[in-house]
Amino acid sequence: MTEATERFFESLPARGPTILRGLVEGTLQIDLGDGQQTDHWLVRMRPGAVQCARERGPADAIWYCRAALFDRLITGEAQGIAAVLRNESTFSGNVVLFLVFRRFFPNPPGTRDPREVARKAAGRLT
């Protein structure tokens, strides 16, 4: 597992209050595979809070992803939904947990808010 992955999971509890504002509650097990080794992370989410532990355990959902792909996800170079749809990663269980968890990933580099783009375009037209 890379240092970037470690830092990502360490940052989740501090970022939880701003990202987890809804009523979602549950546990997501994230399995990161790298050849013969699989690292396990248990992410417990509830409104306004997140807890992470480097372990397996009872979970409402399980997401398997290659470690190299996960590194691309945490830098915004790849998208979680696209990876699942392309069968580059697999998911089972409560899909809402995956949809909420992906909010912790950054936007792709160079992404701009479409509302801001529209405002700038409207300003040029007038």
Side-chain angles (χ1 to χ4, degrees):
M1 176 172 323
T2 66
E3 186 177 323
T5 299
E6 293 273 350
R7 283 194 315 263
F8 173 79
F9 281 106
E10 288 171 1
S11 76
L12 295 183
R15 296 170 55 211
T18 58
I19 293 176
L20 298 176
R21 294 184 212 163
L23 298 176
V24 169
E25 189 165 337
T27 302
L28 173 62
Q29 179 177 307
I30 301 171
D31 296 338
L32 302 177
D34 187 17
Q36 299 294 331
Q37 180 180 341
T38 301
D39 292 313
H40 307 282
W41 287 89
L42 210 53
V43 180
R44 292 177 185 91
M45 295 180 275
R46 65 181 190 276
V50 118
Q51 294 175 317
C52 296
R54 200 167 175 184
E55 62 186 35
R56 292 176 83 163
D60 301 302
I62 299 173
W63 179 31
Y64 174 81
C65 183
R66 288 185 343 271
L69 173 60
F70 195 80
D71 283 342
R72 291 178 42 228
L73 291 167
I74 63 176
T75 60
E77 296 173 22
Q79 296 298 306
I81 295 289
V84 170
L85 292 175
R86 286 192 304 260
N87 208 27
E88 294 175 346
S89 66
T90 59
F91 183 84
S92 64
N94 185 348
V95 72
V96 172
L97 295 175
F98 174 71
L99 295 174
V100 168
F101 183 78
R102 72 188 175 104
R103 288 193 232 153
F104 285 102
F105 296 134
N107 291 323
T111 301
R112 297 180 298 167
D113 186 333
R115 294 170 293 195
E116 187 61 33
V117 172
R119 283 185 202 111
K120 286 182 182 179
R124 285 187 222 139
L125 296 176
T126 57

Notebook entry, point to check: When rounded to the nearest 0.5 angstrom, what distance separates CD in Glu6 from SG in Cys52?
Noted result: 11.0 Å
Next item on the list: Using a 4.5 Å cut-off on heavy atoms from C-beta on, say whether the side chain of Ile30 contacts that of Leu32.
Entry: yes
Check: How far apart are the C-alpha atoms of Ile74 and Thr5, what are their side-chain angles, what is the distance that settles it, and do they pass the side chain to side chain contact (heavy atoms under 4.5 Å, CB included) test?
Finding: CA-CA 7 Å; Ile74 63 176; Thr5 299; 4.0 Å; yes
Note to self: Quick one about Asp31 and Thr38 (side-chain donor to acceptor, distance below 3.5 Å, no hydrogens or angles considered), yes or no?
What the structure shows: no
Could you list the donor-acceptor pairs under 3.5 angstrom formed between side-chain atoms of residues 17-25 and any protein atom two or more places apart in sequence or on another chain?
unit_1: Thr18; atom_1: OG1; unit_2: Arg15; atom_2: O; d: 3.0
unit_1: Arg21; atom_1: NE; unit_2: Thr18; atom_2: O; d: 2.8
unit_1: Arg21; atom_1: NH2; unit_2: Thr18; atom_2: O; d: 3.1

Checklist line | Heavy-atom pair of closest approach, residues Gly93 and Phe91 | finding: O-CE2, 3.7 Å
Check: Less than 4.5 Å apart, any side-chain heavy atom of Thr90 and any of Val84?
Finding: no
Item checked: Residue list, ring pair (Phe, Tyr, Trp, His ring centres under 6.0 Å) with Phe104, at least two apart or on another chain -> Phe101
Notebook entry, point to check: Do you know the tightest heavy-atom contact between Gly80 and Leu73?
Noted result: N-CD2, 3.3 Å
Notebook entry, point to check: So which heavy atom on Thr75 is nearest to which on Arg72, and how close?
Noted result: OG1-O, 3.1 Å
Next item on the list: Please work out which of the three classes, parallel, tilted or perpendicular, describes the rings of Phe70 and Phe105, given edges at 30° and 60°.
Entry: perpendicular
Check: Measuring from His40:NE2 to Arg54:CZ, what's the distance to the nearest 0.5 Å?
Finding: 10.0 Å
Check: Would you call Met45 and Gln51 a side-chain contact if the rule is heavy atoms closer than 4.5 Å?
Finding: no
Check: Does CZ in Arg115 sit with more than 12 non-hydrogen atoms of other residues, nucleotides or ligands closer than 6.0 Å?
Finding: no
Check: Does Glu10 pair with Arg7 as a salt bridge, N-O distance under 4.0 Å?
Finding: no
Next item on the list: Answer whether the closest heavy-atom distance between the side chains of Leu28 and Trp41 falls below 4.5 Å.
Entry: no
Next item on the list: Using the rule that two of Ile, Leu, Val, Met, Phe, Trp, Tyr join whenever any of their side-chain heavy atoms come within less than 4.5 Å, decide whether Val96 and Phe98 are in one cluster.
Entry: yes
Report all side-chain donor-acceptor pairs from residues 55-66 shorter than 3.5 Å, counting only partners two or more places apart or in another chain.
unit_1: Asp60; atom_1: OD2; unit_2: Thr27; atom_2: N; d: 2.8
unit_1: Trp63; atom_1: NE1; unit_2: Ser89; atom_2: OG; d: 3.1

